[in-house]
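Given the structure is predicted, the values throughout are model-derived calculations rather than measurements.
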Amino acid sequence: WAVLVAGALMGAGDVIAQQLVEQRGLHGHQGPRTLKMMAIGFCFVGPVVGSWYRILDWLIPGNTKVVAVKKVVLDQGCFAPCFLGCFLAVTGATNGLSVQDNWSKIQQDYMDALVTNYCIWPPVQIANFYFVPLQHRLAVVQCVAIIWNCYLSWKANRM
């Protein structure tokens, strides 16, 4: 279920990026790009983030305020930087970039994306880890992430 939600919301984020941010219009919409973003959600984002939440809950069990802060520190200090780099690499590869071009794109986009991540995710994750049961965390994050996915799609597909 979480994988399906992640794929659908990655696709929705791309549609929003193309239509509202890039203002491509219906005739200029790049359907293959949306399908690629959905596939990345199904095959990468959903499984990786879903597994991460299970691991994080195993490493730091509970849902007190202190536990939530510890989880956010680990999530944002360790997981987010690694995940973001991998996401940009996967997106570049699915866009057909050579290894050298993909590396250049990652170097160009990574820090800006990481700083933007830190502006959005810590407060969301505090609430998520404190109030939301484990089985619903990925869905909550993906619902909030529709704007984040829009940003990531725009950032990753900007050539």
Next on the checklist: Can a side-chain donor-acceptor contact be found between Gln76 and Asn117 if the only test is distance below 3.5 angstrom?
Outcome noted: yes

Next on the checklist: Is there a side-chain contact (heavy atoms from CB on, under 4.5 Å) between Ile40 and Phe87? Walk through the geometry before answering.
Outcome noted: CA-CA 8 Å; Ile40 291 168; Phe87 175 85; 3.7 Å; yes

Checklist entry - Are Val132 and Val73 grouped together when hydrophobic residues (ILVMFWY) are joined by side-chain heavy atoms under 4.5 angstrom apart? => result no

Next on the checklist: Would you say CG of Leu26 has more than 12 non-hydrogen atoms from neighbouring residues, nucleotides or ligands within 6.0 angstrom?
Outcome noted: no

Checklist entry - How many angstroms lie between OG1 in Thr34 and CD in Gln19, if you round to the nearest 0.5 Å? => result 8.5 Å

Checklist entry - Going by heavy atoms in the side chains, are Ile126 and Lys65 under 4.5 Å from each other? => result no

Item to check | Atom of Gly41, atom of Ala6 and distance for their closest heavy-atom approach | outcome: O-CB, 3.7 Å

Item to check | Side chain proximity check, Asn102 to Leu88, heavy atoms < 4.5 angstrom | outcome: no

Next on the checklist: What verdict does the side-chain contact (heavy atoms from CB on, under 4.5 Å) test give for Asn95 and Arg33, after you've listed the backbone C-alpha separation in whole Å, the side-chain angles of each residue and the deciding distance to 0.1 Å?
Outcome noted: CA-CA 8 Å; Asn95 284 335; Arg33 174 178 142 180; 5.7 Å; no

Checklist entry - Looking at Lys105 and Asp109, does any basic side-chain N land under 4.0 Å from a carboxylate oxygen? => result yes

Checklist entry - Rounded to the nearest 0.5 Å, how far apart are CE of Met111 and CD1 of Ile106? => result 14.0 Å

Checklist entry - Tell me, do Met38 and Met10 make a side-chain contact under 4.5 Å, heavy atoms counted? => result no

Checklist entry - Between the side chains of Asn149 and Asp14, does any donor sit under 3.5 Å from an acceptor? => result no

Checklist outcome for this item: Of all heavy-atom pairs linking Pro47 and Phe42, the shortest is CD-O, 3.2 Å

Checklist outcome for this item: Distance col, row Leu9:CG vs Met37:CE, nearest 0.5 angstrom, shows 12.0 Å

Checklist entry - Using the ring of each side chain (for Trp, its six-membered ring), is Phe83 parallel, tilted or perpendicular to Phe44, with breaks at 30° and 60°? => result parallel

Checklist entry - Any chance CD of Gln100 has more than 12 other-residue heavy atoms, nucleotides or ligands included, within less than 6.0 Å? => result no

Checklist entry - How are the rings of Phe79 and Trp52 set to each other: parallel, tilted or perpendicular (split at 30° and 60°)? => result parallel

Checklist entry - Would you say the side-chain atoms of Arg137 pair up with the backbone N or O of Tyr53, donor to acceptor, closer than 3.5 Å? => result no

Next on the checklist: Whether the side chain of Tyr118 engages the backbone of Ala113 through a donor-acceptor N/O pair (distance < 3.5 Å, no angle test) should be reported.
Outcome noted: no

Checklist entry - Taking a hydrophobic cluster as the set of Ile, Leu, Val, Met, Phe, Trp and Tyr residues connected by side-chain heavy atoms closer than 4.5 Å, whether directly or through intermediates, do Val15 and Trp148 fall within one such cluster? => result no

Item to check | Cluster overlap Tyr130 with Ile60, hydrophobic side-chain contacts below 4.5 Å | outcome: no

Checklist outcome for this item: Of all heavy-atom pairs linking Cys82 and Cys78, the shortest is SG-O, 3.3 Å

Item to check | Distance, nearest 0.5 Å, that separates CG of Leu20 from CD1 of Ile147 | outcome: 8.5 Å

Next on the checklist: Would you say Val144 ends up clustered with Phe131 if hydrophobic residues are merged whenever their side chains have heavy atoms under 4.5 Å apart, either directly or through other cluster members?
Outcome noted: no

Item to check | CA sep, side-chain torsions, deciding dist, call: Trp121, Asp75, side-chain contact (heavy atoms from CB on, under 4.5 Å) | outcome: CA-CA 10 Å; Trp121 286 109; Asp75 180 62; 5.7 Å; no

Checklist entry - For Ala12 and Ile146, which heavy atoms make the closest approach, and how far apart are they? => result CB-CD1, 3.6 Å

Checklist entry - Measuring from Leu97:CG to Thr91:OG1, what's the distance to the nearest 0.5 Å? => result 9.5 Å

Checklist entry - Between Pro81 and Leu114, is any pair of side-chain heavy atoms under 4.5 Å apart? => result yes

Next on the checklist: Using every non-hydrogen atom in the two residues, find where Gln30 and Gln18 come nearest and quote the distance to one decimal.
Outcome noted: N-OE1, 2.6 Å

Next on the checklist: Is there a path of hydrophobic side-chain contacts, each under 4.5 Å between heavy atoms of I/L/V/M/F/W/Y residues, joining Leu134 to Val66?
Outcome noted: no

Checklist entry - For the residue pair Val21 and Cys150, what are the closest heavy atoms and their distance? => result CG2-SG, 3.7 Å

Item to check | Any donor-acceptor N/O pair, Glu22 side chain to Trp154 backbone, under 3.5 Å | outcome: no

Item to check | Steps toward side-chain contact (heavy atoms from CB on, under 4.5 Å) verdict (Phe129, Asn63) | outcome: CA-CA 6 Å; Phe129 292 134; Asn63 64 343; over 6 Å; no

